[in-house]
2 protein chains.
Amino acid sequence: MWCNAAMDRVRTDAGARPPRATIIDVAREAAVSPATVSRVLTGTKPVSADLEQRVRDAVNRLGYRPNPAAQGLLRGATHAVGVVVPDVGNPYFAEVLKGVTNAAEESDFRTLVADTGEKGGAEHDAALELSRWADGVVLCSPRMPQRELAKLAQAVPHLVCVNRVGRGGQVPAVVVDFEAGMAGICRHLRELGHRRVAYLRGPARAWSERARQRALRAASGPDFEVFQVPCGSSSVDGHRAADAALATGATAVMAFSDYVALGVLARFDELGVSVPRDVSLTGFDDIALSELLRPRLTTVRVSKQDLGRRAWELFASSGAIDGADETGRVVTASAELITRDSTAPPAGAITPLPKTAKA
Amino acid sequence: MWCNAAMDRVRTDAGARPPRATIIDVAREAAVSPATVSRVLTGTKPVSADLEQRVRDAVNRLGYRPNPAAQGLLRGATHAVGVVVPDVGNPYFAEVLKGVTNAAEESDFRTLVADTGEKGGAEHDAALELSRWADGVVLCSPRMPQRELAKLAQAVPHLVCVNRVGRGGQVPAVVVDFEAGMAGICRHLRELGHRRVAYLRGPARAWSERARQRALRAASGPDFEVFQVPCGSSSVDGHRAADAALATGATAVMAFSDYVALGVLARFDELGVSVPRDVSLTGFDDIALSELLRPRLTTVRVSKQDLGRRAWELFASSGAIDGADETGRVVTASAELITRDSTAPPAGAITPLPKTAKA
DNA sequence: CTGTTAGCGCGTTCAC
DNA sequence: GTGAACGCGCTAACAG
């Protein structure tokens, strides 16, 4: 009955399917007990140099790698974090994701990603599903309603939010200071002399959108009128909403994000509207592309990778690794205005329609 | 010694950590055996309507979700695919990733992502690591040497490549017809009257780069000179290499990809070089941004999501799901030239230096 | 220091 | 149509 894996391999060699070696195969190969192999690999208990070498050789020879499912089953932890993002294609989230991944890697954690395709309704399920696989979940800019989030926080052991604080900050979160950033943009535009500006709204349910709205309300007044234009969070949304923004007669357009501004810029170009000559344009986030675009976008710098890293740290300190259960912290990341080429003083005349604007 | 999970739960209730319910908890709740619960959930064997309802109720009440680790252990499969990409921030890979994810989802498979940060040396380990967690791995545009790939293919049960065919097509792969695409670009430029063109090279080890080179060799001749300029695969690389491209005196610049062309465009603008008036520019891949840029980029359309989907299908048909082991297929995706605004006939005079070009 | 034993949560045999 | 028992790969408890 010692017909072991090595034998099988020979027989199935034609199929070239190398069956994964188990710890028992390694133990047999090294002529030790499975426990010794485990000890060498996990380093929990000392093992004599001789045996250790034999085990290491066997591991290399067989190409053995422990099965994480079995490890997870036993330890009750998977050594993985889940990350839920609205859209990996959005450079903003791609960066946040990288931040989490890099930080997690340092602690030897794997990252699992779920893309909800900007469908707020899918977030809850995605997080729940990820939580089956991972020890915790990082929720990026969730659009789900407050009470859904609260319920989720009870079902998912280690939940961390990015750019969303739950009711009373029950859920640990790292958020950008959108209010300050948006205020900076408003101040900048006002100083340039703009009095009528349009704002391209992001997803209504986004927490960050509401924070921006607070800043907008605070900044607006008789000498600084803000026209709200429904838009969205993608370049395509920006492209679509650009005409409406122009129609407000504003001399400056504030986009929800750089990614949105990208689409706006393209549409403006199609319409023959020059930025910043005819109209000023601002973004938010400072994605890498913004410096490559022409004109270079005036925006608010957010350290996106850092956001991801901070989220990881929140996860780690919430007891996911050691036992120090420190729930409910909310950390705020700064947002700094970056003035570039897409903003300038308004032209003498108000431009109610793009076509006439050019004429 | 029957101090079970339910007991523990009561004690740690203060921490508000809801421990995941097990199938046994559900069975107790529904007053049936664990086996019955399993049968209801997997639907493998018929169960009486009465019991089925009781089980479903219990599942909902407890919020029970089967532990995938345990399932994986038992079934010897995890119901997950790994995807290794050089850079998730690259819109190209983001799209391919989405393609895999969407297709996998339909078969109820989860997607695990590893980002190698464009470090070819990290690919091997990343794939190996992913293969511990997943039933197979999709390797996107791997830069690793041929023999490393061959070795990897033996260690990873279900390996599929995107944009890379291994020696003799041993590894199932879906590849873009780079050669045809590149040939199309060359023909287009030639027809416009360009005789001296620069090519911004991608990563030397990329299979797709070698395919492009074949097309370039075939197209080049006394009346179509191609100047090779080392570059890379990111926008930043393109930005850096733009000057060198101009210095060749070419009237058209072919970028490795749209993503690279983006950086080139930005640099050209800084230099006051107008596209396509002073110099024509082409990309490859047709990422969404390319239509938003000004000028809109002439490029080669590649259905990126489809690439991902086809990779998934290759994985699925390689016996990862059923047993139909159909190894070594290589499928080729078409590449279609999209003529937009960044290419035009060359200006009358050759432009050896950007500054003089404008004057 | 090392080997043996038990069991993590689940699905799938077997008996009934 | 249902329940009891076994084992997936691994490691933490015990024995020696």
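Residue numbers begin at 1 in each chain, while the letters A, B, ... track the order of the sequences.
Distance Leu62(B) CG to dG9(C) P: 14 Å, rounded to the nearest Å. Whole-Å rounding puts the Ile24(A) CD1 to dC8(D) C1' distance at 10 Å. Computed from coordinates, the Lys45(B) NZ to dG3(D) P distance equals 14 Å when rounded to whole Å. Remark: C1' of dC10(C) and CZ of Arg65(B) are 16 Å apart, rounded to the nearest angstrom. Spacing between atom CD1 of Ile23(B) and atom P of dG3(D) amounts to 12 Å, rounded to whole angstrom units. We find that CG of Leu41(A) is positioned 16 Å from P of dG9(D), with the value rounded to whole Å. Between Asp25(B) atom CG and dC10(C) atom P there is a gap of 9 Å when expressed in whole angstrom units. In this structure, the CZ atom of Arg132(A) is 20 Å from the P atom of dC8(C), given to the nearest Å.
Each of dG9(C), dC1(C), dC10(D) was ranked by its minimum atom distance to the side chain of Pro66(A); first place goes to dC10(D). Listed nucleotides dC1(C), dC8(C), dT2(D) differ in distance to Pro46(A); the shortest reach to its side chain belongs to dC1(C). Among dG11(C), dT11(D), dG9(C), the nucleotide with an atom closest to any side-chain atom of Thr42(B) is dG11(C). With dG9(C), dT11(D), dC10(C) as the choices, the nucleotide that has an atom nearest any side-chain atom of Pro34(A) turns out to be dT11(D). Comparing dT2(D), dC8(D), dA12(D) by their closest approach to the side chain of Thr44(A) singles out dA12(D).
Taking 3.5 Å as the limit, the base of dG3(D) and the side chain of Arg39(B) contain a donor-acceptor pair of atoms between them.
Taking only side-chain nitrogens and oxygens, Ser38(A) never comes nearer than 4.0 Å to OP1 or OP2 of dA12(D). Contact between the side-chain N/O atoms of Thr36(A) and the OP1/OP2 oxygens of dT2(C) is not found at any separation under 4.0 Å. The phosphate of dG11(C) (OP1 or OP2) has a side-chain N or O of Gln71(B) nearer than 4.0 angstrom. One finds no side-chain N or O of Thr22(A) lying less than 4.0 angstrom from the OP1 or OP2 phosphate oxygen of dC8(D). Residue Ser33(B) places none of its side-chain N or O atoms closer than 4.0 Å to OP1 or OP2 of dA4(D).
For the pair Leu74(B) and Asn67(A), nearest-nucleotide mapping onto DNA chain D gives the more 5' position to Leu74(B). In this structure, Ala49(A) and Arg75(B) both approach DNA chain C, and ranking their closest nucleotides by distance from the 5' end singles out Ala49(A).
More than 12 heavy atoms of other shown residues, nucleotides or ligands fall within 6.0 angstrom of atom CZ in Arg65(B). Around the CZ atom of Arg132(B), the shell of radius 6.0 Å holds more than 12 heavy atoms that belong to other residues, nucleotides or ligands. With a 6.0 Å radius and a threshold of 12 heavy atoms from other residues, nucleotides or ligands, Leu41(A) has its CG atom above the threshold.
Rounded to the nearest 0.5 angstrom, Phe93(A) CZ and Asp115(A) CG are separated by 10.0 Å.
In summary, the side chains of Gln53(B) and Asp57(B) do present a donor paired with an acceptor at a separation below 3.5 Å, with no hydrogens or angles considered.
Under the side-chain contact (heavy atoms from CB on, under 4.5 Å) rule, His124(B) has a single partner from Leu139(B), Leu152(B), Leu149(B), which is Leu152(B).
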